[in-house]
2 protein chains.
Amino acid sequence: MSLPHMSESTEMYLKAMAELGDHPVAIARLAERLGVTPVSANEMMRRLGEQGLVTHTPYKGVTLTEKGREAAANVLRRQRLWEVFLFEHLKIEWAKIYEFACSLEHATAPEVTEALAAFLGNPKVCPRGNPIPDANGGFEPLGGRSLRETAVGKTVRVRAVNATATDVLKYLQDKGILPGQTLKVLEAAPLDGPLTLSVNGKEVALGLSMAEFVIVE
Amino acid sequence: MSLPHMSESTEMYLKAMAELGDHPVAIARLAERLGVTPVSANEMMRRLGEQGLVTHTPYKGVTLTEKGREAAANVLRRQRLWEVFLFEHLKIEWAKIYEFACSLEHATAPEVTEALAAFLGNPKVCPRGNPIPDANGGFEPLGGRSLRETAVGKTVRVRAVNATATDVLKYLQDKGILPGQTLKVLEAAPLDGPLTLSVNGKEVALGLSMAEFVIVE
DNA sequence: TGAAATAATAAGGTCAGCCATAATATTTTT
DNA sequence: AAAAATATTATGGCTGACCTTATTATTTCA
Ligand SMILES: [Mn+2]
Ligand SMILES: [Mn+2]
Ligand SMILES: [Mn+2]
Ligand SMILES: [Mn+2]
């Protein structure tokens, strides 16, 4: 057992696919998220296909195989355990934990992962509100809907924040849009314009692409 | 400030040089320690020379510049802080902490390093007995002599273990040769033969190359 | 001092993971 | 049904960090 160790690049592609939710992921979206040209992402998908980690249906998108899904879940497990450690124990700013954990995740042996999980008390969720897969890749998919699709006038509670870019996380942090926060959608501007929210008594403007990353219930 | 981020490979060469003690390091020894051919190590030394991290005097060896020394100290700082965390908090077996920390060290941002140091209570020494450089690269070089040079009949205390290979560390761990342990040199076989030690009332054979890694006082 | 050992250089390759540019193929829109 | 937009594939290149196989330089040892 124990795979011949995947490269950081491979792990990031798999994780990105898992983060981009259920299924067929357009290679262009992957490329965008990973900061790589579509041609490069295509090449990489060919390699991952040869390794049996993904299947690519041209013009439809790319899907994780079971093997790929397990590997991705394991990366997410490491990522989110480190997020817990960085936030709860090292007291690192919420907006930065994703980025720091994203480096550590690739440098973490299975034995360290499990010892870390035990040290942290086997948490089920990370500070961004996302579930932490168990050691076997088991996963309870996050319920809730995107704030983007929330009707004007509704009051909702933030369950998770799916953003990964530090500057986006920083903006959300500054505006108080964190897991557990209750907020109200005051207005949705036309033409895909921003939402206006009420958060902690303050009005906050939030573009739709950012709102998409905020999962509410 | 803040260097454009060094590759893992670069950091490992610098760290190996620092670990190989003070001065001109033979490129062949470096190559050996890093598991690389002498030709490859030579190439790498040329690159590091171009970056101002080392100076190479042909047929004499290679030396860290001040810039290289600082970078190396910083890698050692990260390495040894992680060793403390893995050993004291995650309860990972002593013989394995070097290897695991050796992965994490390259994935640790300065802000994480300092938060980790604070979390650990700014330890001055790692579980292998080596000093932890401070945030500015300050270093109190480890005193003591190698067990290899210890006269027969002497009783000494282990101050540090400089080995890095997991199997070597495992052997020393199994024989109880850990920092703080008191032991006596019973015999030194001729022709570079092994030492016979008394450790905790047991006789232990230790080859000279292993004995070299054991620093005593 | 000459031979043997060791170190350094030169030359040519490999491999992963990127890039750009250009040619096709497919889907979407008008 | 064309035209426009998007996706895919084909080529050719690049860089870092490795490797092997010479060749040359220096040091060490007999
Ligand atoms: Mn990552
Ligand atoms: Mn390392
Ligand atoms: Mn070449
Ligand atoms: Mn090619």
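Letters go in sequence order (proteins before strands), and every chain restarts at 1. These numbers come from a predicted model, not from an experiment.
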query: Rounded to the nearest 0.5 Å, how far apart are CG of B:L116 and CH2 of B:W82?
result: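 If I round to the nearest 0.5 Å, the distance is 5.0 Å.
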
- request: State, to 0.1 Å, how close B:A16 and B:L30 come at their nearest heavy-atom pair, and which atoms those are.
  value: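 Between these two residues, the closest heavy atoms are CB-CD2, 3.6 Å.
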
query: Shortest non-hydrogen contact from B:V62 to B:M45?
result: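 Heavy atoms of B:V62 and B:M45 come nearest at CG2-SD, 3.6 Å.
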
query: Just by distance, with hydrogens left out, do B:E212 and B:S146 show a side-chain donor and acceptor under 3.5 Å apart?
result: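 Side chains of B:E212 and B:S146: no pair found under 3.5 Å.
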
query: When you check the side-chain N and O atoms of B:R78 and B:N74, is any donor under 3.5 Å from an acceptor?
result: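 Distance-only check passes for B:R78 and B:N74.
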
message: Using the ring centroid of each side chain, check whether B:F85 and A:F85 are separated by less than 6.0 Å.
response: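 Ring centroids of B:F85 and A:F85 are less than 6.0 Å from each other.
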
message: Does D:dA7 have its OP1 or OP2 closer than 4.0 Å to a side-chain nitrogen or oxygen of A:N42?
response: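 So the side chain of A:N42 is outside the cut-off, no N or O lying under 4.0 Å from OP1 or OP2 of D:dA7.
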
task: Check whether any side-chain N or O of A:H56 sits under 4.0 Å from OP1 or OP2 of D:dA7, and answer yes or no.
output: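 The answer is no; no side-chain N or O of A:H56 sits under 4.0 Å from OP1 or OP2.
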
Rounded to whole angstroms, how far apart are [atom1] on [X] and [atom2] on [N]?
X	N	atom1	atom2	value
A:E32	D:dA7	CD	P	10 Å
B:L34	D:dC19	CG	P	10 Å
A:R46	C:dA16	CZ	P	10 Å
B:I27	C:dT9	CD1	P	8 Å
A:R29	D:dT8	CZ	C1'	19 Å

Nucleotide N/O of nucleotides 24-30 of chain D paired with protein N/O under 3.5 Å:
unit_1	atom_1	unit_2	atom_2	d
D:dA25	N3	B:Y59	OH	3.3

query: Pick from A:T150, A:L147, A:V156: which one makes a side-chain contact (heavy atoms from CB on, under 4.5 Å) with A:L197?
result: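 Of the listed options, the one satisfying the test is A:L147.
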
- request: Test B:H106 against every option in B:H5, B:E11, B:M6 by the side-chain contact (heavy atoms from CB on, under 4.5 Å) rule and name the one that passes.
  value: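 Considering B:H5, B:E11, B:M6, a side-chain contact (heavy atoms from CB on, under 4.5 Å) with B:H106 is found only for B:E11.
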
Between protein and nucleotides 17-21 of chain C, what N or O pairs are separated by less than 3.5 Å?
unit_1	atom_1	unit_2	atom_2	d
C:dG17	OP1	A:S7	OG	2.5
C:dC18	OP1	A:S9	OG	3.0
C:dC18	OP2	A:S9	OG	3.3
C:dC18	OP2	A:Y13	OH	3.4
C:dC19	OP1	A:T37	N	3.4
C:dC19	OP2	A:T37	N	3.1
C:dC19	OP2	A:T37	OG1	2.9
C:dC19	OP2	A:S40	OG	2.2
C:dC19	N4	A:E43	OE2	2.9

